[in-house]
Amino acid sequence: WLGWFLSEGSTCRRNIAFSLSINETKIAERLCMLTFKLFGIKPRIDKVSERNSINIIFHSVFLEKWLRRNCGENAHNKYLPNFVWTWDSSTQWILLKALLLGDGHLQVRKRDWIFKDKLYHTHNAWSIGLVSYTLIDDIRDLCLMNGIIPQLTMYEYYKDDKEKRCYILRFPYDIEEKWGKAKMEQVLCRIRHIERKYYEGFVYNLEVDENHTYITLSGVICNCSSGG
């Protein structure tokens, strides 16, 4: 249920809602069943023909507050709850699988190709696209904890004359087979491009107590020494 909320759910005015496509009737029925089983609430299902969508809505003041506090308030600010990091690998996989079924895309590849006299086989592979860089970063960390190295890509586009960003994670085709089999301590990444830009103005050196490193979406960055 939590994985589906992170991918398709939202909160508003003490209500919890899921937005699905019109052909996901079975998923809608399962979400209603899980909601009743977990919380004792029967959601309302609305089919919106003009939008080709199914909306699942139910009212719960306590759960709405809990979800906003533990998962974020909207699609751009979602993140994994802290307790997910204490789960075992199999439970974490159930969460990720629900996320993939909600916001993921299965790339079906049936073509083989030859390169330098060697035959290569293509495989079906999962990818997921999100607008929350915090959630996509959490999912990547979750994968690394379970021995999976996903590929991260960022796309910029314009919608309603505003610049938007979407983050894509691509997973190896055998992710379910390898999940939890090995732990990652260090991951080597190739530097693809280095660019220098001229700048004139103030430079601020932010410090963190006892160290000078910062974690970004791309990795750990080492700052200057305490002298600036």
Side-chain angles (χ1 to χ4, degrees), residues 1-108 124-132 134-136 138-143 145-146 148 150 169 171 173-180:
W1 191 94
L2 181 61
W4 278 103
F5 174 80
L6 288 169
S7 62
E8 304 288 0
S10 62
T11 59
C12 181
R13 298 178 182 178
R14 302 177 181 180
N15 291 321
I16 296 94
F18 293 85
S19 182
L20 306 172
S21 66
I22 197 69
N23 59 351
E24 293 180 317
T25 304
K26 291 185 178 180
I27 295 175
E29 293 174 352
R30 176 166 174 76
L31 279 172
C32 289
M33 182 271 293
L34 286 173
T35 301
F36 181 75
K37 184 177 181 180
L38 292 171
F39 312 113
I41 302 173
K42 292 184 178 181
R44 184 181 81 246
I45 298 180
D46 297 332
K47 292 186 178 182
V48 186
S49 301
E50 58 270 20
R51 295 184 179 181
N52 291 323
S53 65
I54 300 175
N55 295 328
I56 304 172
I57 304 172
F58 65 95
H59 178 81
S60 175
V61 176
F62 174 79
L63 183 58
E64 191 262 350
K65 290 182 178 180
W66 187 92
L67 289 170
R68 282 196 289 110
R69 183 172 183 177
N70 289 277
C71 303
E73 295 195 20
N74 55 57
H76 290 83
N77 298 311
K78 283 184 178 179
Y79 49 83
L80 292 183
N82 289 332
F83 55 79
V84 170
W85 307 105
T86 66
W87 289 353
D88 56 58
S89 294
S90 59
T91 307
Q92 290 174 343
W93 168 248
I94 294 174
L95 175 72
L96 179 60
K97 188 174 182 180
L99 272 163
L100 292 176
L101 291 174
D103 272 334
H105 172 68
L106 180 61
Q107 298 173 319
V108 180
N124 297 343
W126 279 99
S127 65
I128 186 171
L130 300 168
V131 294
S132 170
T134 306
L135 182 55
I136 208 75
D138 285 347
I139 295 173
R140 184 176 61 169
D141 287 346
L142 195 69
C143 289
M145 283 179 57
N146 287 278
I148 305 297
L169 273 183
F171 307 94
Y173 70 94
D174 53 354
I175 177 175
E176 187 169 5
E177 298 175 11
K178 292 183 176 179
W179 186 267

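Not measured: the values here are computed from a predicted model.
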Exercise for the section: Under the side-chain contact (heavy atoms from CB on, under 4.5 Å) rule, what do Ile139 and Phe171 come out as? Steps first, then yes or no, please. Expected result: CA-CA 11 Å; Ile139 295 173; Phe171 307 94; 4.3 Å; yes
Exercise for the section: Start with the C-alpha distance between Leu20 and Leu31, add both sets of side-chain angles, then the distance that settles side-chain contact (heavy atoms from CB on, under 4.5 Å), and finish with yes or no. Expected result: CA-CA 11 Å; Leu20 306 172; Leu31 279 172; 4.1 Å; yes
What's the separation between atom [atom1] in [X] and atom [atom2] in [Y], rounded to the nearest 0.5 Å?
{"X": "Ile22", "Y": "Ser53", "atom1": "CD1", "atom2": "OG", "result": "6.5 Å"}
{"X": "Leu96", "Y": "Glu176", "atom1": "CG", "atom2": "CD", "result": "10.0 Å"}
{"X": "Phe5", "Y": "Asn70", "atom1": "CZ", "atom2": "CG", "result": "10.0 Å"}
{"X": "Thr134", "Y": "His76", "atom1": "OG1", "atom2": "NE2", "result": "11.5 Å"}
{"X": "Ile54", "Y": "Asn23", "atom1": "CD1", "atom2": "CG", "result": "7.5 Å"}
{"X": "Ser127", "Y": "Leu169", "atom1": "OG", "atom2": "CG", "result": "9.0 Å"}

Considering non-hydrogen atoms only, spot the tightest contact between [X] and [Y] and give its length.
{"X": "Ala17", "Y": "Ile57", "result": "CB-CG1, 4.1 Å"}
{"X": "Cys71", "Y": "Leu2", "result": "SG-CD1, 3.8 Å"}
{"X": "Ile56", "Y": "Pro43", "result": "CG2-CB, 3.5 Å"}
{"X": "Glu64", "Y": "Asn15", "result": "CG-O, 3.7 Å"}
{"X": "Ser7", "Y": "Gly102", "result": "OG-CA, 3.6 Å"}
{"X": "Ser132", "Y": "Ala75", "result": "CB-O, 3.2 Å"}

When you measure from the side chain of [X] to the backbone of [Y], do you find a donor-acceptor pair of N or O atoms at a distance under 3.5 Å?
{"X": "Lys78", "Y": "Leu6", "value": "yes"}
{"X": "Gln92", "Y": "Val84", "value": "yes"}
{"X": "Trp179", "Y": "Ser89", "value": "yes"}

Problem - Residue Phe83 excluded, over 12 heavy atoms near CZ under 6.0 Å - result: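 Buried by this count: over 12 neighbours within 6.0 Å.
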Exercise for the section: Take atom CG of Asp88 as the centre, draw a 6.0 Å sphere, and report whether it contains more than 12 heavy atoms from other residues, nucleotides or ligands. Expected result: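 Yes, enclosed.
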Problem - Which residues share a side-chain contact (heavy atoms from CB on, under 4.5 Å) with Lys65, sequence neighbours left out - result: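 Lys65 satisfies side-chain contact (heavy atoms from CB on, under 4.5 Å) with Val61, Arg68 once adjacent residues are dropped.
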Problem - side-chain contact (heavy atoms from CB on, under 4.5 Å) between Trp85 and Leu142, worked out - result: CA-CA 8 Å; Trp85 307 105; Leu142 195 69; 3.7 Å; yes
Exercise for the section: Go through the steps for Thr35 and Trp1 under the test side chain to side chain donor-acceptor pair (under 3.5 Å), then give the verdict. Expected result: CA-CA 8 Å; Thr35 301; Trp1 191 94; 2.9 Å; yes
Exercise for the section: Measure the acute angle between the ring planes of Phe18 and Phe58, then classify it against the limits of 30° and 60° as parallel, tilted or perpendicular. Expected result: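 The rings of Phe18 and Phe58 lie parallel, inter-plane angle below 30°.
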